[in-house]
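Encoded as structure tokens, the structure appears first; notes follow it.
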Protein chains: 2
Amino acid sequence: MVGIKEVAKAAGVSISTVSNVLNEKKNVGEETRERILNICKEMGYYPNSVGKTLKTGKSNTIVFNFSDFDRSFYLKIINGISDYVNDNDFDLIICTDKSSEKYMRSNLSSGSIILDKNMKDDTLIKIAGENYPIVVLDRILDNPYIKSVVVNNYDPMSELIQGVIDRGYRHFGFVGGPEQTADNKERYKAFRDVLEANRINFQQKSYFAGDYREKSGYTAAKILLLSQELPDCLVCANDNMAIGAIKAFRDNGIRVPGDIAVTGFDNCDLAEPMGLTTVSIPNYERGYIAARYLIENIRGKRNVEPFKISAKIIWRNSVSEKKSK
Amino acid sequence: MVGIKEVAKAAGVSISTVSNVLNEKKNVGEETRERILNICKEMGYYPNSVGKTLKTGKSNTIVFNFSDFDRSFYLKIINGISDYVNDNDFDLIICTDKSSEKYMRSNLSSGSIILDKNMKDDTLIKIAGENYPIVVLDRILDNPYIKSVVVNNYDPMSELIQGVIDRGYRHFGFVGGPEQTADNKERYKAFRDVLEANRINFQQKSYFAGDYREKSGYTAAKILLLSQELPDCLVCANDNMAIGAIKAFRDNGIRVPGDIAVTGFDNCDLAEPMGLTTVSIPNYERGYIAARYLIENIRGKRNVEPFKISAKIIWRNSVSEKKSK
DNA sequence: TTGTAAGCGTTATCAA
DNA sequence: TTGATAACGCTTACAA
């Protein structure tokens, strides 16, 4: 590996002069500057960022961490982050597991965006600080150095359920996601609140605990099929599970929405071709905004007010006007 | 930041003793060991990997680089890489642009997997070396330190086209991807070869240059619609473009496959619900295999023979038996 | 069993 | 305009 030292020797100057050239300081003669630059090119010198980081303690790098590979919209979030980061001359390290911690500490990065549910609140609170702001997606954390960027799940879910009721549906089933997650709680609460406001009864036996994966939706629907009577409408806390449910219904000769309506949440790529009524979340923008707040916080513009992103309902044919009102 | 030095001071020992404890060397007294470990915990010590990397020149980290956010199957590749890497106690840094180079050089990483088409062959050849093996996906590079992991496009594409011909189709259109990419070339070549073997004529005007994105397929189909006569079958170099084409046809009242058959390549998430006949590539496995070869090469088991992954055809209803044989 | 000191590649301070 | 030198956090001979 050719370093600053080799270049210095080849040029017959000191390492500090080379460093000054590389960092575009003006305290170096034009002739020397050019000569050194040429030598760097000839020798194929490339700066070693580890040495630099160790010395300066700064990195202009942020970390994005996630872990669920089933959700293809994550790529859109990454796209938004990546674009903002590039436009602002930062670098981006994406990590898929707890080895993230390695890059978050050890000033290899100046801040991070956290999406991975496995990353514990406690850990984040420990890591965040004056010189290390964090942006969390899909959870709210009350900490002076952590900004939350969350989707407003409550309003669109309320509106969705009210819309379904207005179309004549009265008997509901619900497939929930991981129970501890904030977004699942919020979606479920909106569902229950609207039912209650409409004096519609909901029994706990019509609740199915899933994990946001397609398979759990499939399973929930299969279980549902064993019960005496099908609800009119199965509300799912996300699209993957809704799609799983639709597949289970179709596999068993149950028509959607003829025999049962189904709703999702996310507007994933499959929602449109499947005709799934769902809630569309602006994912690219979500990533972009998260990156923006993070970098602004890194630059000292402190702002940790939780930010709510709004989402909108997309009606498709998995819910129709109910005949027998 | 609390470092080894602070811990040493708090424990009243030297930094090397702390280092020895942290690295589980046996040359340290049991009592001291425990005391130091406790102090580390109390003070919230976390090792700074930058210092370590700089000193040792080793990192146990690999880089994966990509840049196209439209292809949701990239997540599956990442999933495969991530799993193998975790199982082998390596860390993974994912990069989305040429800032990748920063992490590839500067011994922050010990090797990398390259998917990004924007990463130039020359650059890779410059970076790869005795101590820095590279695995490239979807391109062949002849270099003693670079292993190619590519999909066998030719065979399944040949088989696909022959199958389409056997079903009675005779007039073809082709929507190609970026012309310089190896996979596009191979897919197109298979297409032409099979046509020729069957003495079926193909005119250049039936070739449309796309870029693997849905929109370019949509555009190609729109242009096609302007021509005098539609082919029986539009072969697309990937699914995204095929889906774009199908949408364009549907938007214009052309039935698929009634008026025109369509084929894709990739078996993306949408292919199944859209009923698209296509070629399925085992993406998770692709990532897993790439990671495996990379880490084996890092560990000294040198192997840079190009590796071909086979793919298989999935017949769906975007191609049917043609009535008017 | 523990400590001293050099060194990884870089930047920064200060002196020449 | 340039060069010596210390320092960043850590590992590792080698000495005590």
Side-chain angles (χ1 to χ4, degrees), chain A residues 1-37 39-40 43-61 101-110 131-132, chain B residues 1-37 39-40 43-61 101-110 131-132:
Chain A
M1 162 166 285
V2 29
I4 215 178
K5 207 192 284 184
E6 284 73 27
V7 174
K9 185 178 287 178
V13 298
S14 74
I15 58 167
S16 29
T17 300
V18 178
S19 174
N20 285 329
V21 169
L22 261 22
N23 291 290
E24 289 164 326
K25 307 269 193 229
K26 52 286 222 59
N27 60 349
V28 48
E30 179 58 19
E31 188 270 336
T32 341
R33 211 183 67 83
E34 287 200 354
R35 192 161 48 88
I36 292 179
L37 250 22
I39 294 182
C40 284
M43 301 182 71
Y45 169 80
Y46 194 93
N48 181 326
S49 59
V50 173
K52 180 167 184 161
T53 303
L54 182 58
K55 177 62 187 162
T56 62
K58 287 273 116 237
S59 64
N60 267 27
T61 296
E101 229 177 304
K102 170 171 158 186
Y103 302 108
M104 297 175 67
R105 310 183 100 133
S106 78
N107 59 22
L108 242 176
S109 62
S110 318
N131 289 306
Y132 201 90
Chain B
M1 159 166 288
V2 28
I4 214 179
K5 206 193 285 182
E6 284 74 25
V7 174
K9 185 178 287 177
V13 299
S14 76
I15 57 168
S16 39
T17 300
V18 177
S19 174
N20 284 330
V21 169
L22 262 21
N23 290 293
E24 289 163 330
K25 307 269 192 227
K26 52 285 225 61
N27 61 348
V28 48
E30 181 58 20
E31 187 270 337
T32 342
R33 211 184 65 83
E34 287 202 354
R35 192 161 48 89
I36 291 179
L37 250 22
I39 294 183
C40 282
M43 299 181 74
Y45 170 80
Y46 194 93
N48 182 328
S49 60
V50 173
K52 181 168 184 161
T53 303
L54 184 57
K55 176 62 187 166
T56 63
K58 289 270 118 238
S59 64
N60 267 26
T61 296
E101 228 178 305
K102 170 171 159 187
Y103 301 109
M104 297 175 69
R105 310 182 100 131
S106 78
N107 60 21
L108 239 178
S109 61
S110 319
N131 289 304
Y132 201 90

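Bear in mind that the values here come from a model prediction, so they are computed numbers and not experimental data. Below, chains carry the letters A, B, ... as their sequence lines are ordered, and counting in each starts from 1.
For CD of A:E24, the number of neighbouring non-hydrogen atoms (other residues, nucleotides, ligands) closer than 6.0 Å is 12 at most.
A close approach under 4.0 Å does not occur between any side-chain nitrogen or oxygen of B:K25 and OP1 or OP2 of C:dT1. For B:S14, no side-chain nitrogen or oxygen approaches OP1 or OP2 of C:dT2 to under 4.0 Å. Taking only side-chain nitrogens and oxygens, A:S49 never comes nearer than 4.0 Å to OP1 or OP2 of C:dT10. Distances shown here put every side-chain N or O of A:Y46 at or beyond 4.0 Å from the OP1 or OP2 atom of C:dT10.
Across all strands, B:T53 comes closer than 4.0 Å to no nucleic acid atom at all (heavy-atom distances). Backbone-only contact: B:N23 has heavy atoms under 4.0 Å from sugar-phosphate atoms and none from a base. As judged by a 4.0 angstrom heavy-atom cut-off over every strand, A:G57 is placed among residues making no nucleic acid contact. Using a 4.0 Å heavy-atom distance criterion, B:V28 is classed as a sugar-phosphate-only contact. Base contact: A:I15 has a heavy atom under 4.0 Å from a base atom. Across all strands, A:T56 comes closer than 4.0 Å only to sugar-phosphate atoms, never to a base (heavy-atom distances). Looking at heavy-atom distances under 4.0 Å, B:N27 makes contact with a base. Within the 4.0 angstrom heavy-atom criterion, no nucleotide atom of any strand lies near A:N20.
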Test log, rule side-chain contact (heavy atoms from CB on, under 4.5 Å), inputs A:N131 and B:M1: CA-CA 10 Å; A:N131 289 306; B:M1 159 166 288; over 6 Å; no
Yes or no on side-chain hydrogen bond (donor to acceptor under 3.5 Å, both in side chains) for A:K102 and B:T61, after CA distance, side-chain angles and deciding distance? CA-CA 11 Å; A:K102 170 171 158 186; B:T61 296; 3.3 Å; yes
In sequence, state the C-alpha distance, the side-chain angles, and the governing distance for B:V7 and B:V2, and then conclude on side-chain contact (heavy atoms from CB on, under 4.5 Å). CA-CA 7 Å; B:V7 174; B:V2 28; 4.2 Å; yes
Check step by step if side-chain contact (heavy atoms from CB on, under 4.5 Å) holds for B:L22 and B:C40. CA-CA 9 Å; B:L22 262 21; B:C40 282; 4.0 Å; yes
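Put simply, the side chain of A:V21 reaches to within 4.5 Å of the side chain of A:L37, judged on heavy atoms. Residues B:E101 and A:Y46 form a side-chain contact, since some pair of their non-hydrogen atoms from C-beta on lies under 4.5 Å apart. Side chains of B:Y132 and B:R105 form no contact here, defined as non-hydrogen atoms less than 4.5 Å apart.
Side-chain N/O atoms of B:S59 and B:T53 include no donor and acceptor closer than 3.5 Å.
Scanning DNA chain D 5' to 3' for nucleotides with an atom closer than 4.0 angstrom to a non-hydrogen atom of chain A gives a first and last hit of D:dT1 to D:dG9.
A:I4 has its CD1 atom 14 Å from the P atom of C:dC8, to the nearest Å. Computed from coordinates, the B:L108 CG to C:dT10 P distance equals 13 Å when rounded to whole Å.
One N or O donor and one acceptor, one from the side chain of B:S16 and one from the base of C:dG3, sit under 3.5 Å apart.
One end of the helix from C:dT1-D:dA16 to C:dA16-D:dT1 points its axis 50° away from the other end's axis, with each axis taken from 5 pairs and the angle rounded to 10°.
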